[in-house]
Visitor: 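Take this structure first; my questions come after.
Quick note: numbers below take in every heavy atom, side chains included, and nothing from hydrogens, waters or symmetry partners.
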Amino acid sequence: PTGMATLSPTKSPISCGADKKLKIDVLTDEYPDETSYVIRDMCDNGEEIYTKDGFDQQSFSYSNTYCVPDSKYEFEIIDGANDGLCCGYGSGSYTVYMDDQIIKMGGEFGGSEKTSFGSSSCTEAPSLSPSRSPTIAPSTTPTAVPTGSPSTSPSSSPTSSPSAIPTASPTS
């Protein structure tokens with residue numbers, strides 16, 4: 001029938017192995033083409049790792065699942081008309097899940113809304129292989145003889161032999 005949305009068959013659950021399962025659900029409002037989102041890895045200088053736009057069906061539920069490594073993330077949902085997903089032009093909303101736990105739900109915002117989640121700090125994963133061997137042992141040959149005095153100002157030449165008579169105490 002014309003005008004009815006066709007729904008895809010239900011997909012089997014996504015398994016991400018050792019990675020985290022990040023799921024984004026978006027229910028569009030009456031102007032779906034104004035909606036987009038960005039997911040950034042904050043441990044990689046805010047690098048955009050996923051973007052989604054091209055929402056084209058009004059009041060339609062979209063769901064995307066991503067497998068991501070353990071890291072600190074930022075989700076930003078954007079509305080091009082600066083009126084959010086709810087409630088002036090429909091009852092749109094969004095939900096962010098990490099490993100099936102709700103991180104953020106919303107719909108009433110202006111131009112965009114950001115949410116940070118994931119690891120509390122950015123640490124490098126331990127390497128799978130050991131580091132290089134230690135450096136070689138110190139050399140056994142001595143270094144070259146030092147050069148002359150570094151001073152460039154002249155000094156008085158020392159006497160050729162010590163005096164036999166002690167000098168008087170220095171005067172001021």
Visitor: Can a donor-acceptor pair be found, under 3.5 Å and without considering hydrogens, that links the side chain of T28 to the backbone of Q57?
Guide: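 At least one qualifying donor-acceptor pair exists.
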
Visitor: Please step through side chain to side chain contact (heavy atoms under 4.5 Å, CB included) for the pair D25 and K23, ending with a clear verdict.
Guide: CA-CA 7 Å; D25 289 345; K23 182 180 167 194; 3.1 Å; yes

Visitor: Kindly state each residue pair satisfying side-chain hydrogen bond (donor to acceptor under 3.5 Å, both in side chains) with at least one member in residues 38-56, sequence neighbours excluded.
Guide: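 Of all non-adjacent pairs touching residues 38-56, those that pass side-chain hydrogen bond (donor to acceptor under 3.5 Å, both in side chains) are R40-E74, R40-E76, D41-S71, D56-Y62.
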
Visitor: So Y94 and F109, would you call those rings parallel, tilted or perpendicular, with 30° and 60° as cut-offs?
Guide: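 Ring orientation of Y94 relative to F109: perpendicular.
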
Visitor: By the definition side-chain contact (heavy atoms from CB on, under 4.5 Å), identify the one residue from I103, I77, T115 that meets it with V96.
Guide: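 When side-chain contact (heavy atoms from CB on, under 4.5 Å) is applied between V96 and each of I103, I77, T115, only I103 qualifies.
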
Visitor: Using a 4.5 Å cut-off on heavy atoms from C-beta on, say whether the side chain of V68 contacts that of I39.
Guide: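 In short, these two side chains do not touch, never coming nearer than 4.5 Å.
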
Visitor: Nearest 0.5 Å please: distance from the NZ atom of K21 over to the CG atom of D100.
Guide: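 One finds 4.0 Å between NZ of K21 and CG of D100.
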
Visitor: Write down the atom of S91, the atom of C86, and the distance for their closest heavy-atom approach.
Guide: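 Heavy atoms of S91 and C86 come nearest at CA-SG, 4.2 Å.
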
Visitor: For the atom pair CG (L27) and OG (S59), what is the distance rounded to the nearest 0.5 Å?
Guide: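 Rounded to the nearest 0.5 Å, the CG-OG separation comes out at 6.5 Å.
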
Visitor: Find out whether M105 and S93 are in side-chain contact, i.e. whether some heavy atom of one side chain is under 4.5 Å from a heavy atom of the other.
Guide: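 The answer is no, as the side chains (C-beta and beyond) never meet within the 4.5 Å cut-off.
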
Visitor: With a 6.0 Å cut-off (strictly less than), is the heavy-atom count around CZ of F117, excluding the residue itself, greater than 12?
Guide: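 Yes, the 6.0 Å shell around CZ holds more than 12 heavy atoms from other groups.
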
Visitor: Can Y97 be reached from I24 by stepping across I, L, V, M, F, W or Y side chains whose heavy atoms are under 4.5 Å apart?
Guide: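 Different clusters.
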
Visitor: Between the side chains of D70 and S119, does any donor sit under 3.5 Å from an acceptor?
Guide: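 Their side chains do contain a donor-acceptor pair, which is all the 3.5 Å distance test asks for.
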
Visitor: Which heavy atom in E113 sits nearest to a heavy atom in G106, and how many Å separate them?
Guide: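 Looking at all heavy atoms of both residues, the closest pair is OE1-CA, 4.5 Å.
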
Visitor: Is the count of non-hydrogen atoms from other residues, nucleotides or ligands lying under 6.0 Å from Y31 atom OH greater than 12?
Guide: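 Not buried by this count: 12 neighbours or fewer within 6.0 Å.
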
Visitor: F75 and F55: same hydrophobic cluster, using ILVMFWY side-chain contacts below 4.5 Å?
Guide: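 Yes, because F75 and F55 connect within a single hydrophobic cluster, where side-chain heavy atoms sit under 4.5 Å apart.
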
Visitor: When rounded to the nearest 0.5 angstrom, what is the spacing between CG in L85 and OG1 in T35?
Guide: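 The OG1 atom of T35 is 4.5 Å from CG of L85, to the nearest 0.5 Å.
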
Visitor: Does the D79 side chain pair with the main chain of G111, one donor and one acceptor, at a distance under 3.5 Å?
Guide: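 Checked: no pair found.
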
Visitor: Between I78 and L22, is there shared hydrophobic-cluster membership here, with clusters defined by ILVMFWY side-chain heavy atoms closer than 4.5 Å?
Guide: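 Different hydrophobic clusters.
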
